[in-house]
Amino acid sequence: MSMFRNKIAIVTGGGSGIGRALARDLARQGADVVLADLQIDATQRVAAEICAAGGKTSAHCLDVSDSEAVESFVMRTAAEKGRLDYMFNNAGIFILGEFCDHSTADWKRMLDVNVSGVFAGTAAAYAVMIRQGSGHIVNTASIAGLIPTPGSTAYCASKHAVVGLSTALRAEAAEYGVKVSAVCPGFIDTPLFDSKVLGMARTNEMKVKARVRKIAMMPEQCAAAILRGVARNQAIIPVTGHARIMWALNRYFPGLVQALMRRGASRMHRERIQGPVNS
């Protein structure tokens with residue numbers, strides 16, 4: 001029997017990509033999945049798919065950058081369901097481009113969703129789980145939260161914050177019977193591939209995305225790997241072979257990783273088509 005059977009799980013960013021795959025897999029294993037996403041139409045379609053397959057779920061509109069709305073949503077869910085077993089803080093955004101092309105608004109939006117959104121979901125779920133004496137918070141970071149990733153500096157900063165939050169809280173949370181994990185995927189074929197790209201011609205943008213897609217994992221495979229890591233209570237759950245390799249290289253051969261990243265940064269710099277923005 002699956003450890004997720006009859007468990008209550010919130011999944012943010014559940015309308016597409018990894019969130020959608022997680023929701024479907026959790027429901028297939030018997031969990032009661034509460035989906036939350038700003039894109040409510042997509043989320044309702046996911047919920048309908050799950051229900052049609054015999055799963056249990058509900059769809060809700062939620063902007064994770066609104067901390068009060070997140071707190072209210074989590075507390076209401078826990079009250080209605082009687083408990084909260086899993087909190088998957090999965091919602092996130094991505095912007096590709098050199099740091100000098102990022103505006104202040106780009107930076108702020110990235111932190112609002114990727115950091116403040118995860119903090120809000122974590123804080124609300126943590127309060128519930130402390131009272132219960134049990135629960136598992138699973139925060140989606142990225143391999144960019146473990147290694148330097150030029151071309152996505154703001155995203156990298158946001159995901160390092162998620163890893164730091166998760167690993168530090170894990171030590172505190174153990175005293176209350178609460179588990180915390182950080183998920184660090186490599187390239188996954190999700191709608192993030194259609195994210196905003198700064199300072200790059202459309203033809204170059206398509207070439208970059210094509211290179212990445214060649215090694216990208218499908219969301220369903222990613223979700224399965226995540227749930228295996230959650231079942232094992234891993235502190236950090238790296239997903240994809242290249243993510244595990246790059247993480248290991250950065251720990252043991254940081255100079256080599258810096259050299260590889262400089263090569264990538266040089267390539268991106270050559271593909272830029274405009275000067276830095278004024279923020």
Original post:
Do you know which of Val118, Thr12, Ile226 makes side-chain contact (heavy atoms from CB on, under 4.5 Å) with Asn90?
Top reply: Thr12
Original post:
Mind checking whether Pro150 and Arg262 have side chains closer than 4.5 Å, heavy atoms only?
Top reply: no
Subject >> Same cluster (ILVMFWY, side-chain, under 4.5 Å), Met217 and Leu227 >> reply: yes
Original post:
In terms of hydrophobic clustering (I, L, V, M, F, W, Y; side-chain heavy atoms under 4.5 Å; direct or indirect links), are Met110 and Leu146 co-clustered?
Top reply: no
Subject >> Residue pair Gln258 / Pro148: nearest heavy atoms and the distance that separates them >> reply: NE2-CG, 3.8 Å
Original post:
Hey, does Met246 have a side-chain heavy atom less than 4.5 Å from the side chain of Met261?
Top reply: yes
Subject >> Val183 vs Ser166 side-chain heavy atoms within contact, under 4.5 Å >> reply: no
Original post:
How many angstroms lie between NZ in Lys179 and OH in Tyr86, if you round to the nearest 0.5 Å?
Top reply: 6.5 Å
Subject >> Rounded distance [0.5 Å steps], CG in Asn114 versus SG in Cys156 >> reply: 11.5 Å
Subject >> Beyond-backbone contact of Val34 with Lys81, side-chain heavy atoms, under 4.5 angstrom >> reply: yes
Subject >> Shared hydrophobic cluster for Leu84 and Leu169 (ILVMFWY, side-chain gaps under 4.5 Å) >> reply: yes
Original post:
Any donor-acceptor pair under 3.5 Å linking the side chain of Asp85 with the backbone of Ile8?
Top reply: yes
Original post:
Same cluster or not: are Val162 and Val180 linked, directly or through other Ile, Leu, Val, Met, Phe, Trp or Tyr residues, by side-chain heavy atoms under 4.5 angstrom apart?
Top reply: no
Subject >> Greater than 12 external heavy atoms within 6.0 Å of Arg263's CZ >> reply: no
Original post:
For the residue pair Ile40 and Cys61, what are the closest heavy atoms and their distance?
Top reply: CD1-N, 3.5 Å
Original post:
Within the distance-only criterion (no hydrogens, no angle test), does the side chain of Gln44 pair as donor or acceptor with the backbone N or O of Ala59 below 3.5 angstrom?
Top reply: no
Subject >> Main-chain N/O of Ser134 paired to Gln132 side chain as donor or acceptor, under 3.5 Å >> reply: yes
**OP:** Grab the two heavy atoms, one from Val163 and one from Ile236, that are nearest each other, plus how far apart they are.
**Re:** CG1-CD1, 4.4 Å
Subject >> Close side-chain approach of Trp247 and Cys184, heavy atoms under 4.5 Å >> reply: no
Original post:
Does Glu71 CD have over 12 foreign heavy atoms under 6.0 Å away?
Top reply: no
Subject >> Under 3.5 Å donor-acceptor, His242 side chain and Phe187 backbone >> reply: yes
Subject >> Nearest heavy-atom neighbours spanning Ala27 and Ile50 >> reply: CB-CG2, 3.4 Å
Original post:
Between the main-chain N or O of Asp37 and the side-chain N or O of His60, is there a donor-acceptor pair closer than 3.5 Å?
Top reply: no
Subject >> Min side-chain heavy-atom separation Thr153-His102 under 4.5 Å >> reply: no
Original post:
Transitively linked via ILVMFWY side-chain contacts under 4.5 Å: Met218 with Val239?
Top reply: no
Original post:
Can you tell me if Ser67 uses its side chain to pair, donor with acceptor, with the backbone of Ala120 under 3.5 Å?
Top reply: no
Original post:
Do the non-hydrogen side-chain atoms of Phe88 and Thr140 ever get within less than 4.5 Å of each other?
Top reply: no
Original post:
Taking atom OG of Ser181 and atom CD1 of Ile237, what is their separation to the nearest 0.5 Å?
Top reply: 4.5 Å
Subject >> Donor-acceptor contact below 3.5 Å, side chain Asp112 vs main chain Gly117 >> reply: no
Original post:
To the nearest 0.5 Å, how far apart are CG in Asp106 and CZ in Phe99?
Top reply: 10.5 Å
**OP:** Check for a donor-acceptor pair, side chain of Thr43 on one end and backbone N or O of Gln39 on the other, with a separation under 3.5 Å.
**Re:** yes
